[in-house]
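Starting off with a structure, shown below.
Values below: every heavy atom of this structure, side chains too, minus hydrogens, waters and symmetry copies.
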Protein chains: 2
Amino acid sequence: MMHIMSEKGAAGGGLRERKKRATRAALAEAAVRLAAEHGAEKVTVEAISAAAGVSVRTFFNYFDTRDDAFVVIDADAGARIRRAVLDAPAALSPLEALHGAMAAELAETEQQHELWRLHAQVLRASPHLLVRSLGAHMADETALAEVIAARIRSGGRPVSESAPGSESAPGSESAPGSESAPGSDEERREALDLYPRLLAAVASTAVRTSVEHWCARQEEAAFLDVFREVFALLAAGLPAPHA
Amino acid sequence: MMHIMSEKGAAGGGLRERKKRATRAALAEAAVRLAAEHGAEKVTVEAISAAAGVSVRTFFNYFDTRDDAFVVIDADAGARIRRAVLDAPAALSPLEALHGAMAAELAETEQQHELWRLHAQVLRASPHLLVRSLGAHMADETALAEVIAARIRSGGRPVSESAPGSESAPGSESAPGSESAPGSDEERREALDLYPRLLAAVASTAVRTSVEHWCARQEEAAFLDVFREVFALLAAGLPAPHA
DNA sequence: ATGAAAAAATGCACGTCATGCAAAATTAGT
DNA sequence: ACTAATTTTGCATGACGTGCATTTTTTCAT
């Protein structure tokens, strides 16, 4: 049971942490594989737990809901994207920086054909799970918005940012100066609060739409090309195409 | 029980249809009111059913999931928006047409302060439901995308529209031998398929972001102004604001 | 108006999901 | 090796969600 693990992400120090990550990954992988074979709705928590070599109760110790096991495949992808946004060249606009960061992440994810493929297949088979997947992305959205806000405030200069991906102390995300910056102009402050939110949300939507479009016309075009096209449309202000 | 109903939307002819809508609305309203009072997680299906004056089994006859009762407050808002998009003046760009249609719908919704307020409060209290709400919007998204595509094809002229929500399924129009032919024609067809999808998805996102921002800085600005600002940013291509 | 057909509401049984609690097993630190 | 902290596990319990047969309500034709 759960011998070989990807050892992905930060190879944690403690043995305890490693085991926790291992069981979590084992559960998620078992869930996806079983769902790909028998259909997501026919896979019980008992089956997943058995395949991962743990008890049913332990499953619910790691996931709040049965569906979460199918959805949360890479827990710290969001952290990598945030780091990439902060490290992006100052010359890039926020939209371009986001595009680059997400494209890089998606390119990496695409390389692990096997599981990613199965995962997409499972989500496609039951739209119910696609929604939850989107919800998982939404959780990262506010954190991403704060990073975007920080980048804008700093004028694009690389932000040192204290411990970007560390989940060691959950609870208070301690974003850099989230409530200071009393703008002189009321409208500007309003915009500065609204813009990062909107940008983060739209970027998530861009990912989802690209995936959907790519799934519909599969193999007809490279995924990253679709993704690029989407960001081009966004940057152009979504102009009306001529029929 | 369930005496007075809003009689909103298409006042259906048959008595049967009316009663169905009535019980559905009664269940949704009961769910929201109870959730607003006791918290969504503490409200059982039994309580909702009792408050609406129907059996538990009937509840599941109307909603697939308990959470759906909190989320789906107006079932045919999507249909009204689609109709409005089709009826919009030809001079408007797709983005503007969507903005207008959604703004009109939201303005109407906002007038029923009471329930809308409670609904927002419930969703805010448990982000779990916010996700499902977003999912409900997603269901309408493809239908909306098809309407947008129709509007673009027709060049903006009023489309007589044969039941936008119906399943016409024009999917298999792809000509055989589409392998080669890498002309600009191909790219244009690709774009025409991608654009409506993206526009529908972004519009949904705009609604969500506006609501979130408006909830955060409540009463500080009118909701429709926030909504207008969001569409202005989108139309401008999400340019970087100057810090 | 009356009876038959169609649609909806209901009751019941059953399996799965999800949580709380306390005991057993595993790991960390000394 | 011993103790404390953390994790895993089993058991009990309540709620969710579905299938099926039955009863009630609505529609329609006569």
For B/H128 and C/dT19, give me the distance from atom NE2 to atom P, rounded to whole Å. 10 Å
Length of the CD-P vector between B/E41 and C/dC17, whole Å: 18 Å
Any donor-acceptor pair under 3.5 Å from A/T205 side chain to A/A201 backbone: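 Side chain of A/T205 to backbone of A/A201, a donor-acceptor pair under 3.5 Å: yes, one is there.
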Of all the heavy-atom pairs spanning A/L224 and A/A103, show the shortest one and how long it is. CD2-O, 4.0 Å
Value in whole Å for how far the P atom of D/dT9 lies from NZ of A/K20: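 The distance from NZ of A/K20 to P of D/dT9 comes to 14 Å, rounded to the nearest Å.
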Check whether any side-chain N or O of A/Y62 sits under 4.0 Å from OP1 or OP2 of D/dT7, and answer yes or no. no
Can you pull out how bent the helix from C/dA1-D/dT30 to C/dT30-D/dA1 is, comparing the axes over its first five and last five pairs, to 10°?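 Helix axis angle between the two ends: 30°.
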Look for any protein N or O under 3.5 Å of an N or O in nucleotides 2-4 of chain C and output each such pair with its distance, or none.
none

Can you say whether the rings of B/W214 and B/F223 are parallel (under 30°), tilted (30 to 60°) or perpendicular (over 60°)?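 Ring orientation of B/W214 relative to B/F223: perpendicular.
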Restricting to side-chain hydrogen bond (donor to acceptor under 3.5 Å, both in side chains), what partner residues turn up for B/S210, sequence neighbours left out? none
Kindly give the atom pairs (protein nitrogen or oxygen, nucleotide nitrogen or oxygen) under 3.5 Å for nucleotides 15-17 of chain D.
residue	atom	partner	partner atom	Å
D/dC16	OP1	B/V45	N	3.4
D/dC16	OP1	B/R66	NE	3.2
D/dC16	OP2	B/V45	N	3.4
D/dG17	OP2	B/R66	N	2.6

Check against ring-ring contact (aromatic ring centres under 6.0 Å, His included), A/H119 and A/F70: CA-CA 8 Å; A/H119 187 243; A/F70 303 113; 9.2 Å; no
Whole-Å gap separating P (C/dT16) and NE2 (A/H38):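 My rounded result for the distance is 15 Å.
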For atom CG of A/N61 and atom C1' of C/dC21, their distance in whole Å: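 About 13 Å, once rounded to whole Å.
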Under 3.5 Å, side chain of A/R151 to main-chain N/O of A/A88, donor-acceptor pair present?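 Checked: pair present.
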How close do A/A36 and A/Q121 get, counting heavy atoms only, and between which atoms? O-NE2, 3.7 Å
Below 3.5 Å, can you tabulate the donor-acceptor pairs from side chains in residues 125-134 of chain A to any protein atom, sequence neighbours excluded?
residue	atom	partner	partner atom	Å
A/S126	OG	A/V122	O	3.4
A/H128	NE2	A/D67	OD2	3.3
A/R132	NH2	A/D68	OD1	3.4

Ion pair check, B/E141 and A/R208, cut-off under 4.0 Å: yes
Residues B/R33, B/L115; criterion side chain to side chain contact (heavy atoms under 4.5 Å, CB included); working and verdict: CA-CA 8 Å; B/R33 299 205 111 91; B/L115 209 55; 3.7 Å; yes
Measure across A/A30 and A/A52 and return the closest heavy-atom pair with its distance rounded to 0.1 Å. CB-N, 4.4 Å
Starting at atom CZ of B/R21, determine the distance to atom C1' of D/dT26, rounded to an integer number of angstrom.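 One finds 16 Å between C1' of D/dT26 and CZ of B/R21, rounded.
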Tell me whether the NZ or CZ atom of A/R66 lies within the 45° cone about the ring axis of A/F59 and under 6.0 Å from its centre. no
Please answer whether the main-chain N or O of B/A47 pairs with a side-chain N or O of B/T44 as donor and acceptor at a distance below 3.5 Å.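 Looks like yes, one N/O pair under 3.5 Å.
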Between C/dT10 and B/T58, is there an OP1 or OP2 to side-chain N/O distance shorter than 4.0 Å?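 Checking B/T58 against C/dT10: at least one side-chain N or O falls below 4.0 Å of OP1 or OP2.
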Short N/O separations, protein against nucleotides 20-25 of chain D, under 3.5 angstrom:
none

